2 protein chains.
Amino acid sequence: MKDKIFSNLIFERFSIYYRCLNKMISDNNQKEFTDSNELSYLLNIDPSLIRRDLSLIGKIGKRGMGYSINALKSGIENILGKNKIWKLALIGIGNLGRAILRYILNNTSSNYSVVKLYDNDPAKIGISIEGIDIKNFDTINKHIDFNIGLITVPADSAQAIADKLVDCNIKAIMNFAPIKLSLPNDIFYREVDLIKELDILTGMLNFNNAIQKSS
Amino acid sequence: MKDKIFSNLIFERFSIYYRCLNKMISDNNQKEFTDSNELSYLLNIDPSLIRRDLSLIGKIGKRGMGYSINALKSGIENILGKNKIWKLALIGIGNLGRAILRYILNNTSSNYSVVKLYDNDPAKIGISIEGIDIKNFDTINKHIDFNIGLITVPADSAQAIADKLVDCNIKAIMNFAPIKLSLPNDIFYREVDLIKELDILTGMLNFNNAIQKSS
DNA sequence: TAGATTGTTAATCGATTAACAATC
DNA sequence: TAGATTGTTAATCGATTAACAATC
């Protein structure tokens, strides 16, 4: 196995390939092989890049034939940890937290399980949602039993929550609060920021379009 | 004004700068100037890159002094269209759609307004949420009055919805469904995909960590 | 075998960072 | 003026794409 640390972008594409392979399996129950050109057509990713990515799994392709769909799927499963259940905790059980909880619960084919709900609103603590009790976040301690913390609290409390998660040895954080968190380098971090995404779209509409028109 | 089309990454950073400037204004009501080093420290972005980005606004900095916070803010407002209200339509009023609606409504300082809700479930049509009636998506036509469509339907109907939006001349789409949409090149497109984000984090935890340990 | 497609190296592209003259 | 920081060009870095020998 390579001594290389893969980038975000590579994992992102593996996730895309994985979804595509699953769709191929459920749609088209006879086909055994695919190839970089077919995947390229379906996903709009350059075939060279696909071959490069897939070669990271090992020499899994057959020259002249392509790739066994099943072999590819299980290779990606190994890389993305799709053969394990990953435990999630949601911190902040407002509208967004609840929607994310239901979204994950509804997605029965995924390998993610929400095992803990935290909030600091006394009115919410003790309430059970979808069978999981909401606990006070202050009671969190080093004996945590989840792998990834999803922060869905308002921006002003997000950093404190993140610090506590780091303290409890959580290595992966997904932040939905509209604020940039500062975190140690060894923490894997993603953010989902709706307003930022909207700003990018309006920037494009507002500025790039205007330019296109005037040129 | 430059004849350049800015990239996603530049608009993304402008959004980050904008948020930071607002925080500076509300936190620290005396300070008039900032500079690329201060912003770099706060945002963890290289000062050269900050200067490069900000120079796209125009020659707005003062050598030896830095940047007027207010001038910077209004320059970014122009680029990101923060001085207009942008109208959003939500298509798919399930848990996620409702959570996004409330999230945007609660964010009173933003320049985004949800003006239309669509669904195709007869049981939902006519119901009003937060004062907005849910309409049947099939009734959508070219006389639309929104700028951005947010797709929060399940994966299997997302492409048809997107096609209809494109038909109705919508130029910006944000997709929350876990599927890659195929769209014409002139459509500005962003996707928010929770499972993909989780896959990236678990890929990192599962694979990069293992590698780090064994090396 | 001939044809097809991989796996991989080299070339290109685009984004970030370094360097520094210009100037407040 | 001296010191500080911009604005911008050149260098670097990292990711994608092109090319093609290897081989099924």
Side-chain angles (χ1 to χ4, degrees), chain A residues 1-17 21 24 31-73 75-76 79 180 200 203-204 208, chain B residues 1-17 21 24 31-73 75-76 79 180 200 203-204 208:
Chain A
M1 211 174 268
K2 296 269 176 75
D3 194 356
K4 190 179 176 298
I5 303 293
F6 295 174
S7 72
N8 284 343
L9 293 166
I10 291 173
F11 286 119
E12 183 170 356
R13 287 193 301 270
F14 274 127
S15 178
I16 292 168
Y17 301 145
L21 292 167
M24 288 170 118
K31 215 148 65 88
E32 202 182 327
F33 280 81
T34 184
D35 58 60
S36 58
N37 274 305
E38 184 180 35
L39 290 169
S40 172
Y41 173 77
L42 292 169
L43 300 171
N44 204 24
I45 300 174
D46 190 281
S48 292
L49 184 54
I50 292 176
R51 291 199 297 278
R52 214 166 194 283
D53 285 342
L54 298 184
S55 76
L56 298 169
I57 300 172
K59 297 198 184 187
I60 204 178
K62 298 221 190 316
R63 288 166 203 240
M65 291 192 79
Y67 301 90
S68 149
I69 292 174
N70 284 317
L72 220 47
K73 186 184 165 192
I76 295 177
I79 287 176
K180 175 156 190 128
I200 294 168
M204 298 271 183
N208 281 350
Chain B
M1 210 174 270
K2 297 269 177 73
D3 193 357
K4 191 181 176 295
I5 303 294
F6 296 173
S7 72
N8 283 345
L9 293 166
I10 291 173
F11 287 120
E12 182 170 358
R13 286 192 300 270
F14 274 126
S15 177
I16 292 168
Y17 301 144
L21 293 167
M24 288 169 118
K31 214 148 67 85
E32 202 183 326
F33 280 81
T34 184
D35 59 61
S36 58
N37 275 305
E38 184 180 36
L39 290 168
S40 172
Y41 173 77
L42 292 169
L43 299 173
N44 203 25
I45 298 175
D46 190 280
S48 292
L49 185 53
I50 292 176
R51 292 199 297 279
R52 214 164 193 284
D53 285 342
L54 298 184
S55 76
L56 298 170
I57 299 172
K59 295 196 185 188
I60 203 178
K62 298 221 189 317
R63 288 166 202 242
M65 291 192 78
Y67 302 89
S68 149
I69 292 174
N70 284 318
L72 219 47
K73 187 183 166 195
I76 295 176
I79 288 177
K180 177 160 189 124
I200 294 168
M204 297 272 183
N208 281 350

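We name chains A, B, ... by the order of the sequence lines, and we start the count at 1 in each one. Just so you know, these numbers come straight off a predicted model, no measurement behind them.
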Using the side-chain heavy atoms of [X], tell me which of these nucleotides is nearest: [options].
| X | options | answer |
| --- | --- | --- |
| A:Arg63 | C:dA21, C:dT6, C:dC20 | C:dT6 |
| A:Leu9 | C:dT6, C:dA15, D:dT16 | D:dT16 |
| B:Ser55 | C:dG7, D:dG7, C:dA15 | D:dG7 |
| A:Arg52 | C:dC20, C:dA22, D:dT17 | D:dT17 |

Gap between atoms [atom1] and [atom2], on [X] and [N] respectively (whole Å):
| X | N | atom1 | atom2 | result |
| --- | --- | --- | --- | --- |
| A:Lys59 | C:dT8 | NZ | C1' | 9 Å |
| A:Arg51 | D:dT23 | CZ | P | 16 Å |
| A:Ile50 | D:dA15 | CD1 | C1' | 15 Å |
| B:Ile10 | C:dA15 | CD1 | P | 7 Å |
| A:Leu39 | C:dT5 | CG | P | 12 Å |
| B:Leu54 | D:dG7 | CG | C1' | 11 Å |
| B:Leu49 | C:dG14 | CG | C1' | 13 Å |
| B:Asp46 | D:dT5 | CG | C1' | 14 Å |

Answer with base, sugar-phosphate or nothing: what part of the nucleic acid does A:Ile60 contact at a heavy-atom distance below 4.0 Å? sugar-phosphate

Measuring from [X]:[atom1] to [Y]:[atom2], what's the distance to the nearest 0.5 Å?
| X | Y | atom1 | atom2 | value |
| --- | --- | --- | --- | --- |
| B:Leu39 | B:Ile16 | CG | CD1 | 11.5 Å |
| A:Glu32 | A:Met65 | CD | CE | 7.0 Å |
| A:Asp35 | A:Lys62 | CG | NZ | 14.0 Å |
| A:Arg13 | A:Ser7 | CZ | OG | 6.5 Å |

Is there a side-chain contact between B:Arg13 and the phosphate of C:dA15, meaning an N or O under 4.0 Å from OP1 or OP2? no

Checking base pairs now: Watson-Crick or wobble, both atom distances under 3.5 Å. What partners C:dC13? D:dG14

Only pairs with both distances under 3.5 Å count, Watson-Crick or wobble alike; so what is the partner of C:dC20 in this structure? D:dG7

Under 3.5 Å donor-acceptor, B:Ser68 side chain and B:Phe33 backbone: no

Position toward the 5' end of DNA chain D (nearest nucleotide), B:Tyr67 or A:Ser48: B:Tyr67

